[in-house]
Amino acid sequence: PFEGVAWTPRPPQGPPQGCFACIAKPPALRQASPILSPSSAVYLMESKSCKGDSLRPAVPCKHSVEKKTMTNPTTVIEIYPDTTEVNDYYLWSIFNFVYLNFCCLGFIALAYSLKVRDKKLLNDLNGAVEDAKTARLFNITSSALATFCIILIFIFLRYPLTDY
């Protein structure tokens, strides 16, 4: 039924040659094959297999020597600094923001507390420590000034200025 059609038999396909690392490489990374003749180009076009293709030159496996020399594989474990010891003063900042927000210092302390939490997640220990110091400073200042103002209000309510 296929008169006049040029039929070229496929070459026999054997098991892949070399180790998995050599076979898994894309053809562009392998050694360049010699220039193919037109008849072998037909083989190349008809071949559907790429790993067991017999048209590619047999490349000796370079990894067999490496397997013998690599006797002790190593494991790399990255150790991050312990950021759980950095206090973020989050609850104190929320308390200052809600109850003792003197001149918005409680809000600033809350913002720095949130920055400490973000930097702890990013394992930035130095930045977290610096922002924790700043949050503590704003919390102390906000608490002290608000307490001082509350005490002054109670003093002036108890002893009004009209008595003097």
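Reckoned from all heavy atoms, side chains included, excluding hydrogens, waters and symmetry mates. In this chain, residues are counted from 1 in sequence order.
Rounding to the nearest 0.5 Å places CD1 of Ile151 at 8.0 Å from CZ of Phe148. Once rounded to the nearest 0.5 Å, the distance linking NZ of Lys120 with NZ of Lys115 reads 15.5 Å. For the atom pair Glu85 CD and Leu125 CG, the distance stands at 9.0 Å (nearest 0.5 Å).
By the criterion of side-chain heavy atoms lying less than 4.5 angstrom apart, applied directly or through intervening Ile, Leu, Val, Met, Phe, Trp or Tyr residues, Leu161 is grouped together with Leu152 in one hydrophobic cluster.
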Side-chain atoms of residues 95-114: list all donor-acceptor pairs with protein atoms under 3.5 Å, sequence neighbours left out, distances to 0.1 Å.
residue	atom	partner	partner atom	Å
Asn96	OD1	Ser143	OG	3.0
Asn96	ND2	Asn139	O	3.2
Asn96	ND2	Asn139	OD1	2.9
Asn96	ND2	Ser143	OG	3.2
Asn101	OD1	Gly106	N	3.1
Asn101	OD1	Phe107	N	3.4
Ser113	OG	Asp88	O	2.9
Ser113	OG	Tyr89	O	3.3
Ser113	OG	Ser93	OG	2.6
Ser113	OG	Ala109	O	3.0

